[in-house]
Amino acid sequence: MAENTKPVLRFAPSPTGMLHIGGARTALFNWLYARHTGGTFLLRIEDTDRERSTPEAVDAILAGMRWMGLNWDGEVIFQFARATRHREVAEKLLAEDKAYRCYATAEELTQMREEQKATGKPMRYDGRWRDRHPGPEQQGKPFVVRLKARQDGETIVHDMVLGHVRFENTQLDDMVLLRSDGTPTYMLAVVVDDFDMGITHVIRGADHLNNAARQLQLIEAMGAPVPVYGHLPLINGPDGAKLSKRHGALAVGAYRDMGYLPETMRNYLLRLGWSHGDDEIISTAQAIEWFNLDSIGKSAARMDYKKLDNLNGHYIRESADATLVAEVTEFLSRETPPRVLGTTARARLQAAMPSLKERAKTLVELSQGAEFLFTDGPRALDEAAAKLLMPQARALLAETLPALEATDWGASDLEAAARGFADAKGLKLGQVAQPLRAALTGKTSSPPLFEMLALLGREESLIRIRAYRG
RNA sequence: GUCCCCAUCGUCUAGCGGUUAGGACGCGGCCCUCUCAAGGCUGAAACAGGGGUUCAAUUCCCCUUGGGGGCACCA
C-alpha cells in the first residue's frame with residue numbers, strides 16, 4: 001500500500017456562531033501541524049444541524065480564518081451536502097447488523113433518563129431496541145438508527161496530548177447515527193467524512209474526548225483506519241471559569257476591533273497551551289518550524305489580556321511604519337461613523353509613526369495617540385491637559401514663545417531654544433515642555449515634543465500654542 | 001449523580017528522580033528621560049494536601065481536595 005504519508009488535518013467548526021478564541025486556537029494548531037509537516041489542512045463546515053446553522057456564521061468563520069492568516073487547502077467542504085453518503089454508511093451498517101432501528105420516542109427516553117437520574121444510575125440509553133424486532137405496532141412509526149456498539153471490554157483513545165485514555169464499553173451507549181427524519185447525526189458525519197477525506201490527525205478541543213471513544217466504536221464497525229488524536233485543553237476566562245459571553249471578546253472579530261494584530265493572536269494562542277522552552281516571542285515562520293504535538297500542555301489555560309497587550313505592543317513596534325499607517329487608516333474607516341484621513345493627516349501619521357508605535361499596545365491606542373495629527377487648529381484639552389494649563393503655565397507659554405519663534409523650527413534647534421530658555425529661567429526642561437505639549441497635542445503625554453513641533457511645522461504649531469498663551 | 005481529563009509564582013509556562021525550581025506577563029524599586037512609552041538592571045512571588053515507591057521526590061503510584069469537560073434524534 002503506497003499511501004500518502006503526509007498528514008491530512010482538518011478544522012471542522014459548526015456554523016452556529018462566530019469563530020471564537022478556542023476554535024481559533026484549534027484551527028491554528030491544525031494549521032501549524034499541517035504546515036510543519038508539509039501536509040494538508042482542510043476546512044469542513046459541520047452544518048448538519050439545519051436549525052442552528054446560518055450562512056452568516058459561515059461567513060464569520062471564513063472571515064475569521066482569513067484574518068488569522070490560516071489558509072486552508074482546497075475548497076471548503078460542507079458536511080450537509082454529503083448527507084446521502086452518510087446515510088449510505090448507516091444503511092450498510094444496518095445491513096451488516098452493526099446498527100439497528102430504535103423506535104423509542106423522545107418522551108420515552110426523557111422518562112428513562114429521569115428515572116435513571118432519580119435512582120442515581122448513569123444516564124445512558126439502555127439498549128431497549130438493541131435486540132428487539134419491531135412488531136406490527138411499529139409499522140410506519142418513526143425510528144432512529146443506532147450503532148450496535150460493543151458492550152464488553154474497553155475502548156482506548158490513544159491521544160497525543162492526554163496519553164492513553166480508557167473507557168469501559170459499558171459506559172458508552174448505542175449512539176444515534178440517523179435521526180428519525182433520516183438525517184445523519186454529527187457522530188456519523190464526522191467519522192464518515194474524516195474517513196472519506198483521508199484525515200490522519202484529529203486535533204480538536206478536549207470537549208470531544210468522550211466523543212472520541214464513541215467514534216472509535218463506529219470506526220471499528222466501519223473497518224476504517226483510526227486517526228491520531230490530539231485533544232486540546234480548553235481555554236477559560238481570566239477568572240478560570242468557562243469562557244463565555246460574560247468575558248466578552250469571544251469572537252476573533254472582536255479582537256480585531258479591539259486593535260489586536262493577527263500575528264499577535266497567532267503568537268499568543270500558540271503559547272496558550274504549547275511551549276518551546278523559554279521562548280515567548282515566536283514568529284509564525286518560527287512556529288511552523290518548531291510546532292509539534294508533543295509539547296502541547298495538558299491543563300486548561302486562562303486568557304490573560306495583559307499579556308496579550310504586551311505581545312501586541314511588541315508586534316506593533318516590529319511592524320513597518322507604512323503597514324501601520326495602512327492598518328490605522330483601515331481601522332478608522334471601520335469606526336462608526338467611519339473616519340477618513342486626508343493626505344496631510346496620512347503624511348503626518350507616516351512621519352510620526354516611528355515614535356507613535358513605540359507607545360501603543362493596540363491599534364486603538366495607536367489611533368488615539370495620533371489624534372492630534374489628524375486635524376488642524378487649536379486642540380481641545382483633555383482633563384489632565386486642562387489641569388496643567390493653569391494661568392501660570394499659560395503665562396510661561398507666552399514667555400517661551402519668542403525663543404521658539406527665533407529658531408528655524410528644526411527639532412534640535414527647538415529643543416536647544418527651549419533648554420536655553422529653561423536654563424535662563426532656572427527651570428527644568430520638563431516645566432517648559434509640558435505646557436507646550438498640552439497646547440500642541442491637547443494631552444499631557446505624546447511622542448517627543450520637539451519632533452512633533454517640527455513635524456507639524458511652524459505655522460500650525462504656533463496657532464496651537466498661541467491659542468493657550470496667557 | 002456518573003464517566004473522563006487536569007493540578008509548578010496572581011497568569012502563561014520550563015522542568016521529564018539529585019536544580020540556588022528557570023523564563024515571560026503583571027506588580028515593586030533603580031537607571032535612562034521633555035511627558036508617556038520603550039529599553040536596561042533589580043526585588044517580591046509557586047511545586048494544593050496526605051500517604052506510599054526510592055538512597056533521593058516538583059518529577060513515579062494511590063487517595064483527598066479543587067477546577068474543567070462529557071452524559072441529546074446539538075455539534
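Throughout, a chain's letter reflects where its sequence line sits, starting with A, and its residues are numbered from 1. Just so you know, these numbers use all the heavy atoms, side chains as well, and skip hydrogens, waters and symmetry mates.
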Short side-chain N/O contact from A:Arg113 to OP1 or OP2 of B:C73, under 4.0 Å: yes
Nucleotide of B:C73, B:A75, B:A37 approaching A:Met187 most closely (side-chain heavy atoms): B:A75
Ring-ring centroid check A:Phe291 A:Phe29, cutoff 6.0 Å: yes
Sugar-phosphate, base or nothing in reach of A:Asn211, heavy atoms under 4.0 Å: base
Donor-acceptor pair under 3.5 Å, A:Lys298 side chain vs B:C6 base: no
Sugar-phosphate, base or nothing in reach of A:Val165, heavy atoms under 4.0 Å: sugar-phosphate
First of A:Glu358 and A:Gln79 reached from the 5' end of RNA chain B, by closest nucleotide: A:Glu358
Whole-Å distance separating the CD atom of A:Glu365 from the P atom of B:C36: 15 Å
Pair partner, B:C41 [Watson-Crick or wobble, under 3.5 Å]: B:G29
Short side-chain N/O contact from A:Arg146 to OP1 or OP2 of B:C73, under 4.0 Å: yes
Test item: A:Arg266 side-chain N/O and A:Met68 main-chain N/O as donor-acceptor pair under 3.5 Å: yes
Sugar-phosphate, base or nothing in reach of A:Ser53, heavy atoms under 4.0 Å: nothing
Short side-chain N/O contact to B:U13 OP1/OP2 from A:Arg271, under 4.0 Å: no
Sugar-phosphate only, base, or nothing, as touched by A:Pro142 at under 4.0 Å among non-hydrogen atoms: nothing
Phosphate contact (B:A72 OP1 or OP2) by A:Thr185 side-chain N/O below 4.0 Å: no
Sugar-phosphate, base or nothing in reach of A:Gly297, heavy atoms under 4.0 Å: nothing
Sugar-phosphate, base or nothing in reach of A:Arg302, heavy atoms under 4.0 Å: sugar-phosphate
Complementary nucleotide of B:C71, counting Watson-Crick and G-U pairs under 3.5 Å: B:G1
Sugar-phosphate only, base, or nothing, as touched by A:His208 at under 4.0 Å among non-hydrogen atoms: base
Sugar-phosphate only, base, or nothing, as touched by A:Ser14 at under 4.0 Å among non-hydrogen atoms: sugar-phosphate
Contact under 4.0 Å: A:Ser275 side-chain N or O vs B:A14 OP1/OP2: yes
Check: A:Tyr186 ring centroid to A:His208 ring centroid under 6.0 Å: yes
Phosphate OP1/OP2 of B:G26 contacted by A:Asn310 side-chain N/O (<4.0 Å): yes
Touch class at under 4.0 angstrom, heavy-atom based, for A:Leu234 against every strand present: sugar-phosphate
Pair of N/O donor and acceptor under 3.5 Å linking B:G22 base with A:Asp278 side chain: yes
Quiz item: A:Ser180 side-chain donor-acceptor pair to B:C73 base, under 3.5 Å: yes
Value in whole Å for how far the C1' atom of B:G67 lies from CG of A:Asn236: 8 Å
Partner set under ring-ring contact (aromatic ring centres under 6.0 Å, His included) for A:Trp129, not counting sequence neighbours: A:Tyr103
Sugar-phosphate only, base, or nothing, as touched by A:Ala104 at under 4.0 Å among non-hydrogen atoms: base
5' priority, RNA chain B, between A:Ala360 and A:Lys117 [closest heavy atom]: A:Lys117
Main-chain N/O of A:Lys148 paired with A:Asp174 side-chain donor or acceptor, under 3.5 Å: no
Touch class at under 4.0 angstrom, heavy-atom based, for A:Glu46 against every strand present: sugar-phosphate
Base of B:A75 paired with side chain of A:Asp47 (donor-acceptor, under 3.5 Å): no
Check: A:Arg124 side chain, B:C71 base, donor-acceptor under 3.5 Å: no
Distance, rounded to the nearest Å, where A:Asp173 contributes CG and B:G70 contributes P: 16 Å
